[in-house]
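Just so we're on the same page: letters track the sequence lines, and every chain starts at 1.
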2 protein chains.
Amino acid sequence: MVNISTKGIYAVAAMHALSHSPNNRSMQIKEISAMTQISHGYLEQILSQLKKSSLVTSTRGAKGGYKLSRPANKIIILEVVEALEGELFSVHENVGATVVLEAFWADMQDKLRNLFSLKLSELDQAYQPFCYDI
Amino acid sequence: MVNISTKGIYAVAAMHALSHSPNNRSMQIKEISAMTQISHGYLEQILSQLKKSSLVTSTRGAKGGYKLSRPANKIIILEVVEALEGELFSVHENVGATVVLEAFWADMQDKLRNLFSLKLSELDQAYQPFCYDI
DNA sequence: AAAAAATGTTACAAGCATGTCCAATATCAT
DNA sequence: ATGATATTGGACATGCTTGTAACATTTTTT
């Protein structure tokens, strides 16, 4: 079943925010919350998960915060989403019930995973609105 | 948020079963249940939804059943899934919070909808396992 | 007319997801 | 050392989803 909810989308937003921290300096939840409009409490949970999946590292205490554990071009969106929601698409036993449907859903899974295999760093490159030069 | 759960997958399975009814004769829940391994009770709900979305028609009473309301090559998987789960992918306000992310998710939505715009009739053509001739 | 065979509708239990909140722990600054 | 500042972990409320089950309604058969 495909599963991308707000949680995964928020995670991508948080990671995207982190990827913009100059020189990958630590960012605090407070800052990320201000940038993404995600509630402080919910970010706590999300970042905790991202940490468990080794996508970010943290330092505690005053002046602490989170930062990317790897450069943004070594992280793909799929990882981020799956860190929060588990396997993006998993077809279980019996839901196909025919060979045709099993093959179909397996193919879908493949295509979906491809679709989400974009690097975090490519977000800006690919989706930045066109800007005129002077 | 992307949302395809067992319900949508079951719906595709049910529709696929119906598309194999010779001459589009009515099939009963009992038969569909036997073919797809989906419980009778749950199929009732699912078929009821499919009917509300005008994807199937039904006749009640003894010798009743369900059949496709249109030929299988006029029905796409996306419709079937969305009949059960609502819009396949909808990005709401604020979850992007930046232009880049909004553009990204909008693009994803587009690509996903394309991915699921396969005709019901194409399932067999595209995913039938290869068979050797004699 | 009555029984049998289907769909149609609704209520409900159990589990999962979303999001809030707080206490515990760790770190920095004075 | 002490207080301020952050993360960490978990408890918890609320609502949605999944799936079951029972009952109502409609149609056919005898």
### Message
Between R25(B) and E31(B), does any side-chain N to carboxylate O distance fall below 4.0 Å?
### Response
yes
### Summary
DNA chain C nearest-nucleotide lookup for Q45(B) and I29(B): closer to the 5′ end is I29(B)
### Query
Taking atom C1' of dG19(D) as reference, at what distance in whole Å does atom CD of Q37(B) sit?
16 Å
### Task
Name the residue closer to the 5' end of DNA chain C, choosing between M27(B) and G61(A) according to the nucleotide with the nearest heavy atom.
M27(B)
### Message
Checking F104(A) against H16(B) for the side chain to side chain contact (heavy atoms under 4.5 Å, CB included) test, could you report, in this order, the C-alpha distance in whole Å, the side-chain angles of both residues, the deciding distance, and whether it holds?
### Response
CA-CA 12 Å; F104(A) 167 64; H16(B) 181 246; over 6 Å; no
### Query
Can you find a side chain N or O atom of K51(B) that sits less than 4.0 Å from OP1 or OP2 on dG8(C)?
yes
### Task
Look at the side-chain N and O atoms of T59(B) and state whether any lies under 4.0 Å from the OP1 or OP2 oxygen of dT26(D).
no
#### Entry: Any donor-acceptor pair under 3.5 Å from T36(A) side chain to A13(A) backbone
no
### Query
Of all the nucleotides listed (dT27(C), dT18(C), dT28(D)), which has the minimum atom distance to the side chain of K7(A)?
dT18(C)
### Message
How many whole angstroms separate atom NE2 of H40(A) from atom C1' of dT8(D)?
### Response
12 Å
### Task
Would you please confirm or rule out a distance under 4.0 Å between OP1 or OP2 of dG19(C) and any side-chain N or O of T6(A)?
yes
### Task
Could you tell me the separation between the CD atom of Q28(B) and the P atom of dT26(D), rounded to a whole number of Å?
19 Å
### Message
Could you tell me how far apart E44(A) (CD) and dA11(D) (C1') are, to the nearest whole angstrom?
### Response
13 Å
### Query
At under 4.0 Å, does any side-chain N or O of K30(A) touch on OP1 or OP2 of dA6(D)?
yes
### Under-4.0 Å side-chain N/O to phosphate OP1/OP2 contact, Y42(B) with dT17(D)
no
### Task
Classify the nucleic acid contact of L47(A) as base, sugar-phosphate or nothing, counting any heavy atom under 4.0 Å across all strands shown.
nothing
### Message
Between S39(B) and dT20(D), is there a contact of a side-chain N or O with OP1 or OP2 at under 4.0 Å?
### Response
yes
### Task
Verify, without hydrogens or angle tests, whether S33(B) (side chain) and S39(B) (backbone) share a donor-acceptor contact under 3.5 angstrom.
no
### Query
Rounded to the nearest 0.5 Å, how far apart are CH2 of W105(B) and CG of L112(B)?
9.5 Å
## Note on the structure
dist I32(A):CD1 -> H40(A):NE2 (nearest 0.5 Å) comes out at 9.5 Å
### Message
Rounded to whole Å, please give me the gap between CD in Q49(A) and P in dT7(D).
### Response
17 Å
### Task
Would you mind reading off the distance between Y66(A) atom OH and dT7(D) atom C1', rounded to a whole angstrom?
5 Å
### Message
Expressed as a whole number of angstroms, how long is the span from I46(A):CD1 to dA17(C):C1'?
### Response
12 Å
### Electrostatic pair K74(A)-E79(A), nearest N-O below 4.0 angstrom
no
### Query
To 10°, what angle do the rotation axes through the five end pairs on each side of the helix from dA1(C)-dT30(D) to dT30(C)-dA1(D) form?
0°
### Task
Check for a donor-acceptor pair, side chain of Q49(A) on one end and backbone N or O of A83(A) on the other, with a separation under 3.5 Å.
yes
### Query
Counting side-chain heavy atoms from CB outward, which of dT7(D), dT26(D), dC28(C) is closest to R60(B)?
dT26(D)
### Query
For the pair made of CD in E85(A) and P in dC16(C), what is the distance, rounded to whole Å?
15 Å
